Amino acid sequence: MTELHFRCCFCNQMIESSKTDPADVNVLINIDKSKDQQYNQTFYCHTHCFREKLHDAMQMHFHLHNILDD
């Protein structure tokens, strides 16, 4: 199996595989347009970098403390 390497789009550091990393962030632009006018790109990040950048008012649908406590 080929080992994949990811670099964080927020801090530009390499991402080591862990229980919560790497994460990906998918950006879909023109979401209010037809499919042929939409564009998608995936970025990779550390989960903690994503959480630091995410505004406090935004809620995640999963709670990392539940994942990390397993």
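Quick note: residue numbers are just sequence positions, from 1. What you see is a predicted model, and the numbers here were worked out from it, not measured in a lab.
L28 places none of its side-chain heavy atoms less than 4.5 Å from the side chain of Y39. At least one side-chain heavy atom of R7 sits less than 4.5 Å from a side-chain heavy atom of N12.
Here M14 contributes atom CE and C8 contributes atom SG; the two are 11.0 Å apart, rounded to the nearest 0.5 Å. For the atom pair CG (L4) and CD1 (I15), the distance works out to 11.5 Å, reported to the nearest 0.5 Å. Residue C45 holds its SG atom at 7.5 Å from CG of D21, rounded to the nearest 0.5 Å.
A continuous path of Ile, Leu, Val, Met, Phe, Trp and Tyr side chains, each step under 4.5 Å between heavy atoms, connects V25 with L54, placing both in one hydrophobic cluster. Tracing side-chain contacts under 4.5 Å through hydrophobic residues (I, L, V, M, F, W, Y), one never reaches Y44 starting from V27; they form parts of separate clusters.
Heavy-atom neighbours of I31 CD1 from other residues, nucleotides or ligands within 6.0 Å: at or below the threshold of 12. Enclosure of atom CD in E16 is not indicated, since only 12 or fewer non-hydrogen atoms of other residues, nucleotides or ligands lie within 6.0 angstrom. Shown here is D56, whose CG atom has no more than 12 heavy atoms of other residues, nucleotides or ligands within 6.0 Å.
Defined by atom type and a distance below 3.5 Å, a donor-acceptor pair is missing between the side-chain atoms of T42 and D24.
Listed for the Q38 side chain is a donor-acceptor partner under 3.5 Å among the backbone atoms of K33. The backbone N or O of T20 sits less than 3.5 Å from a side-chain atom of T47, completing a donor-acceptor pair. In this structure, the side chain of H46 does not engage the main chain of C9 through any donor-acceptor pair within 3.5 Å.
Across every non-hydrogen atom of F50 and F10, the tightest pair is CA-CE1, 4.0 Å.
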